[in-house]
Amino acid sequence: MNRPRILLIYTGGTIGMIKDFQSGALKNFNFSELLKFIPELQLLDCDIETQSFERPIDSSNMKPEYWVLLAKIIEGHYAHFDGFVILHGSDTMSYTASALSFMLEGVSKPIIFTGSQLPIGDLRTDAKENLITSIQIAAMREGDVPKVREVGLYFEYKLYRANRTTKINAEHFEAFASLNYPPLAESGVHLVFNEHALLAPKTACHLKVHTQMETQILLIKMFPGLHEATLSHLLSWEGLKGVILETFGSGNVTNEAWLINLLEETIAKKIPVVNVTQCSGGSVAMGLYETSVALKRIGVISGKDMTTEAALAKMMFLLGTGISYLEFCQQFETSLRGEIS
Ligand code: ASP
């Protein structure tokens with residue numbers, strides 16, 4: 001059997017930096033020389049090719065234009081590689097990885113995002129383990145079928161479904177969590193897969209890449225003291241195409257009339273309003289408390305147990321497809337890529 005071919009794509013972020021021993025400063029290192037800097041990669045049983053964004057970015061500068069660029073790089077190389085590893089800054093990795101899970105329909109090969117909290121050139125770096133295990137996961141096959149056939153995120157000994165993750169810590173090596181879905185695999189002495197958690201698409205699926213992402217949307221976090229005037233101002237934006245409300249607990253908001261009226265006016269314009277919880281784990285359950293009954297009545301869409309990152313990406317993706325308002329409501333509440341339990 002041929003050795004698996006892995007494409008390593010560097011978008012930017014801490015992982016790709018190395019210390020200049022003369023100046024002591026961190027600088028981006030040349031990815032075409034990756035094997036020279038990390039000779040361990042030569043021990044892996046796969047062939048690695050690398051590609052880098054022309055100008056690597058800190059992931060806080062990430063935007064849908066770059067998601068499209070990434071999706072197109074994967075599309076262009078999809079037939080020639082067995083797996084993809086994307087090196088990305090951790091700050092917005094969950095957004096990009098969630099977006100790619102929707103943009104790449106019919107994925108049947110591993111697409112693994114990873115990064116690190118310390119640069120690859122740092123003595124105590126977490127980058128090497130994250131990178132090496134991500135490549136191993138991307139290269140794993142059972143017979144001639146890839147072990148992972150979805151978009152994943154590997155960080156600090158755990159492989160997660162990408163669209164279930166959130167960055168929860170800016171300092172710890174364990175920077176990500178997937179509170180509503182178990183890890184797909186855990187790496188210790190052995191790499192142990194959670195077989196039941198993996199998506200199992202047909203291997204003969206054809207990749208369809210969606211590149212229209214609607215960005216005229218709002219993500220509004222509820223807080224005690226939010227002014228009617230503030231919300232009214234935001235919702236009166238003429239170009240508004242969709243709203244995500246980050247609500248309290250299991251999807252609750254104040255039941256003061258002004259809030260319900262403003263949302264009802266928005267929905268009457270066929271602008272979808274989605275409810276996700278601002279809790280890191282758990283689900284929206286509209287109707288459970290008196291403070292969410294009205295949301296259900298006026299037609300607010302339930303984000304169920306989706307992360308905010310996944311809900312945002314899904315809204316941009318679904319609005320980008322140009323489907324009707326009713327189809328949007330129906331599809332949003334349906335799991336398309338394993339993003340809802
Ligand atoms: N600010 C960096 C970034 O997200 C942090 C990291 O790489 O983890 O690009």
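Both backbone and side-chain heavy atoms feed into the values below; hydrogens, waters and symmetry mates do not. Atoms within each ligand, like the ligands themselves, are counted from 1 in listed order.
- Annotation for ligand 1: atoms under 4.0 Å from non-hydrogen atoms of Thr14 are 2 (C), 5 (C), 6 (C), 7 (O), 8 (O).
- Residue Ser59 places at least one N or O, backbone or side chain, under 3.5 Å from an N or O of ligand 1.
- Between Gln117 and ligand 1, a contact under 3.5 Å exists for no N or O pair.
- Residues Lys167 and Ser90 have side chains that bring a donor and an acceptor to within less than 3.5 angstrom of each other.
- Nearest non-hydrogen protein atom to atom 8 (O) of ligand 1 is Ser90 OG, 2.5 Å.
- Using a 4.5 Å heavy-atom cutoff, the side chains of Glu49 and Leu8 are not in contact.
- Atom CD of Glu290 has 12 or fewer heavy atoms from other residues, nucleotides or ligands within 6.0 Å.
- Transitive grouping of hydrophobic side chains (ILVMFWY, heavy atoms separated by less than 4.5 Å) brings Tyr325 and Val300 into a common cluster.
- Close contacts between ligand 1 and Ser116 involve ligand atoms 8 (O) [criterion: under 4.0 Å to a heavy atom].
- Within ligand 1, counting atoms from 1 as listed, the ones closer than 4.0 Å to a heavy atom of Gly13 are 7 (O), 9 (O).
- Residue contacts with ligand 1 do not include Ala175, since none of its heavy atoms lies under 4.0 Å from the ligand.
- Put simply, the residue from Ile73, Leu69, Ile86, Thr96 that forms a side-chain contact (heavy atoms from CB on, under 4.5 Å) with Thr11 is Ile86.
- Taking the centre of each ring, Phe155 and Phe173 stay at or above the 6.0 Å mark.
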